[in-house]
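Remember, it's 1-based here, ligands and their atoms both numbered in the order they're listed. For the single chain, residues carry numbers from 1 onward in sequence order.
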Amino acid sequence: MILITGASGQIGIDLADALVDRLGDNNVLVTDLRMPEKMRPGRKYDILDVTFMESVDRIIRTNEVHTIYHLAGILSATGERHPDLAWSVNVNGVRNVMEAAHNHKCRVFWPSSIAVFGPTTPKMNTPQETVTEPGTMYGATKVTGELLCKFHASHHNLDVRSVRFPGIISHSAPPGGGTTDWAVDMFFQAVETGTYECFVTEETRMPMMYMPDAVKSILDLMDSPKEDITVRTSYNIAAFSFSAGELAAAIQRHIPGFVCTYKPDFRQDIADSWPSSIDDSRARRDWNWSPDFGLKEMVSDMLKHVRLK
Ligand code: NAD
Ligand code: VAH
């Protein structure tokens, strides 16, 4: 059985569909603290709080889980407001999942983030191995998680694999309280109201990725032969970077009357501390990572789906 934690969130909703498409409903157990808004008939759901080791261990044991996609987490903006919660879920949750995976000989996928980088990291074409001194609690938990991955891989031969996601753009489920949420919100507001007040400046440029590519990266990484995986912290991956103003202009090409205004809040400092672009050559070399969607294709596809909603 495959176990997904945090599966009612932005990535989990789409990853669960992709795994069920591949393996069928009977082979995927979808868990979270809360049930998703739309439950699919035939799918296996359960409640799991990853901060409780006994619960994590029991669900793996009783369902004969062999692979875990550990997505439960607290994102950057929520983590700045609730640092204790971010530490509890992001660090204790990862530790519990890795220890249980070690005990039950499971493989693990766990997403890190470009939030491991900070103001002292090179901002352009950020290398795979570089300074990781984040300024946020979220970033601190992700650095800790990466080191836990490396520890378990080297000391316990645990097959845990990870990518440092940039901001993910999608339409199936809303983003969960991050600094990159503007890149999703802008689409929905443009279609619904024709206006959007963006919480970062027009010039703020961030690495982003469309959800189909994010899901593809997870599946490709987990499909790769073990001997090809040379990074046991977390792989840099990238698709495209754009500024808030460039995204607004790309949307205006489809919705000419769309008006975007800018009113930066506390998330601006977080955005400014993260890279503008990422060097993902190691992922390209080791497991042939390559995104399918560029900015133009992503914008057309997002607007098509958001309009249908
Ligand atoms: P999300 O906030 O949309 O979903 C996270 C889910 O975790 C939520 O459904 C929430 O209910 C659940 N959760 C919270 N506490 C829990 C607990 N104690 N036990 C079990 N479940 C719990 O987040 P997401 O965007 O789907 O992100 C999933 C993972 O990917 C996170 O680790 C996040 O840091 C990482 N990531 C996401 C992005 C992005 O842009 N979406 C980028 C980089 C990394
Ligand atoms: C956040 N979307 O903003 C997440 C992600 C790279 C950004 O980690 O917190």
Is it true that [X] lies under 4.0 Å from ligand 1, counting heavy atoms only?
X	answer
Ser112	yes
Gly177	no
Arg164	no
Ala115	no
Tyr138	yes

Heavy atoms only: which of [options] is nearest to [atom]?
atom	options	result
atom 42 (C) of ligand 1	Ser113, Pro111, Pro166, Pro175	Pro166
atom 21 (N) of ligand 1	Ser170, Pro36, Ala72, Gly93	Ala72
atom 37 (C) of ligand 1	Asp14, Ile11, Ile168	Ile11
atom 11 (O) of ligand 1	Leu33, Thr5, Asp32	Asp32
atom 31 (C) of ligand 1	Leu71, Asn92, Val56, Thr78	Leu71

* Asked: Under the side-chain contact (heavy atoms from CB on, under 4.5 Å) criterion, do Phe117 and Thr132 qualify, and how do the steps go?
  -> CA-CA 5 Å; Phe117 303 123; Thr132 47; 4.0 Å; yes

* Verdict with reasoning, Tyr138 to Ile74, per side-chain contact (heavy atoms from CB on, under 4.5 Å) -> CA-CA 8 Å; Tyr138 177 65; Ile74 302 296; 5.9 Å; no

* Asked: Taking all atoms of both residues into account, what is the closest heavy-atom pair of Tyr210 and Ile169, and its distance?
  ->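 Reported closest heavy-atom pair: CD1-O, 3.2 Å.
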
* Write down the atom of Asn26, the atom of Lys44, and the distance for their closest heavy-atom approach. => O-CE, 3.4 Å

For [atom], grab the closest protein heavy atom and report residue, atom and distance to one decimal in Å.
atom	result
atom 4 (O) of ligand 1	Gly9 CA, 3.2 Å
atom 2 (O) of ligand 1	Gly176 CA, 3.4 Å
atom 25 (O) of ligand 1	Gln10 OE1, 3.5 Å

* Go through the steps to decide whether Gln268 and Thr204 satisfy the test side-chain hydrogen bond (donor to acceptor under 3.5 Å, both in side chains), and finish with yes or no. => CA-CA 8 Å; Gln268 183 68 49; Thr204 304; 3.0 Å; yes

Would you mind listing which atoms of ligand 1 come within a distance below 4.0 Å of any non-hydrogen atom of [X]?
X	result
Gly167	40 (O)
Leu48	19 (N), 20 (C)
Gly73	5 (C), 7 (O), 14 (C)
Asp49	17 (C), 18 (N), 19 (N)
Lys142	31 (C), 32 (O), 33 (C), 34 (O)

Ionic contact status for [Y] with [X], cut-off 4.0 Å:
X	Y	answer
Asp159	Arg161	yes
Asp17	Arg40	yes
Asp228	Arg285	no
Glu129	Arg282	yes
Asp279	Arg284	no

Please indicate whether any nitrogen or oxygen in [X] is less than 3.5 Å from any nitrogen or oxygen in ligand 1.
X	value
Phe165	no
Leu75	no
Arg34	yes

* Roughly how far apart are Ser243 OG and Met206 CE, rounded to 0.5 Å? ->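 One gets 11.5 Å once the value is rounded to the nearest 0.5 Å.
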
* How are the rings of His171 and His305 set relative to one another: parallel (under 30°), tilted (30 to 60°) or perpendicular (over 60°)? -> parallel

* For the residue pair Phe242 and Trp182, categorise the inter-ring angle as parallel (less than 30°), tilted (30 to 60°) or perpendicular (more than 60°). => perpendicular

* To do: Carefully, step by step, assess Glu297 and Asp301 under the rule side-chain contact (heavy atoms from CB on, under 4.5 Å).
  => CA-CA 6 Å; Glu297 297 79 39; Asp301 202 60; over 6 Å; no

* Relative to ligand 1, is Val50 under 4.0 angstrom through side chain, backbone, both or neither, heavy atoms considered? -> both

* Atom-level proximity to ligand 2, residues with heavy atom under 4.0 Å ->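 If the criterion is a heavy atom under 4.0 Å, then ligand 2 touches Leu75, Ser76, Ser113, Ile114, Tyr138, Phe165, Pro166, Gly167, Gly178, Thr179, Thr180, Trp274.
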
* Evaluation steps, side-chain contact (heavy atoms from CB on, under 4.5 Å), between Trp289 and Asp213 -> CA-CA 10 Å; Trp289 159 246; Asp213 279 327; 4.1 Å; yes

* Asked: Is a side-chain donor or acceptor of Ser88 paired with a backbone partner of Asp84 at a separation under 3.5 angstrom?
  ->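 It does not hold such a pair.
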
* Does a donor on one side chain sit under 3.5 Å from an acceptor on the other, for Asp49 and Ser55? ->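 Distance-only check fails for Asp49 and Ser55.
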
